[in-house]
Amino acid sequence: MKFAYRDDGIELRIGGLPPVWVHMGILIVACLVTFPLWIELHTRGFVTAAIVIPGIILSILAHEVGHAWTARYLGCKPTLIRLHAGGGEAIWESGDITRVEARLITIAGPVTNLLIGVAFFVAYHVSMADAAASLLPSPESPWTAPPPIATSPFARLFIGSAC
């Protein structure tokens, strides 16, 4: 893996992938998305945010790699993957591709994320002591009752002033 600083971002070269350019804006957006986790300054919230932030960035990277690999498979040449505050982009030099091939490239990113989600779901249930029982509804199962809803920091301002 090689690093280089270019255009207010870090360019990574990872194996057979096209260069991956990461702008710091994606880190800022990921931190803002996890704001409810760490706003109360609890260790558990910081640890959760420290896991979720790279997960968000890696999820976007996997999505764009799905586009790039499909484009390569269909005869295009992926030249760059950009990760920035707006999400990500897979850039490739297109040859003569049909509309069907263009649609396959477009759908490859969401399919990649879906496959990763299914893999994590299966791994989670395989690693549990009693995986089959966790899929069946029971009074102790979170699937039978809605999860508790956290009060937003904005709402807490009004709740605190009403007391």
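Owing to the predicted nature of the structure, the values given are computational and were not obtained by experimental measurement. Start at 1 with the first residue, then count along the sequence.
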Spatial distance of atom CD1 (Ile105) from atom OH (Tyr73) [nearest 0.5 Å]: 12.5 Å
Point-to-point distance, once rounded to the nearest 0.5 Å, from CD1 of Ile56 to CG of Leu27: 10.0 Å
Atom of Ala49, atom of Pro54 and distance for their closest heavy-atom approach: O-CD, 4.3 Å
Verify same cluster id: Leu37, Ile26 (apolar side-chain graph, 4.5 Å): yes
Beyond-backbone contact of Ile91 with Pro78, side-chain heavy atoms, under 4.5 angstrom: no
For Gly66 against Ala108, the heavy-atom pair lying closest together: O-CB, 3.4 Å
Path from Met24 to Trp21 over hydrophobic side-chain contacts below 4.5 Å: no
Fellow cluster residues of Ile39, listed by chain then number, with links counted only when side-chain atoms sit under 4.5 Å apart: Phe35, Trp38, Leu41, Phe46
Distance, nearest 0.5 Å, that separates NZ of Lys77 from CZ of Arg72: 9.5 Å
Under the ring pair (Phe, Tyr, Trp, His ring centres under 6.0 Å) test, residues paired with His84 that sit two or more places apart: none
Interatomic spacing from CG in Leu114 to CZ in Phe121 - rounded to 0.5 Å: 12.0 Å
Beyond-backbone contact of Cys31 with Ile53, side-chain heavy atoms, under 4.5 angstrom: yes
Neighbour count above 12 (heavy atom, 6.0 Å) for Ile14 CD1: yes
Among Val65, Leu80, Leu12, the one residue meeting side chain to side chain contact (heavy atoms under 4.5 Å, CB included) with Leu17: Val65
Flag, side chain of Glu101 to backbone of Thr98, donor-acceptor distance under 3.5 Å: yes
Transitive ILVMFWY cluster of Leu32, excluding itself - 4.5 Å side-chain cut-off: Ile28
Ile81 side chain near Pro18 side chain, heavy-atom distance below 4.5 Å: yes
Backbone of Ala62 reached by a side-chain donor or acceptor of Asn113 within 3.5 Å: no
Shared hydrophobic cluster for Val29 and Leu58 (ILVMFWY, side-chain gaps under 4.5 Å): yes
Heavy-atom check, side chain of His67 versus side chain of Pro110, under 4.5 Å: yes
Residue pair Ile97 / Cys76: nearest heavy atoms and the distance that separates them: CG2-SG, 3.5 Å
Side-chain heavy atoms of Glu93 within contact of Thr79, under 4.5 Å: yes
Sub-4.5 Å side-chain heavy-atom contact between Val20 and Glu11: no
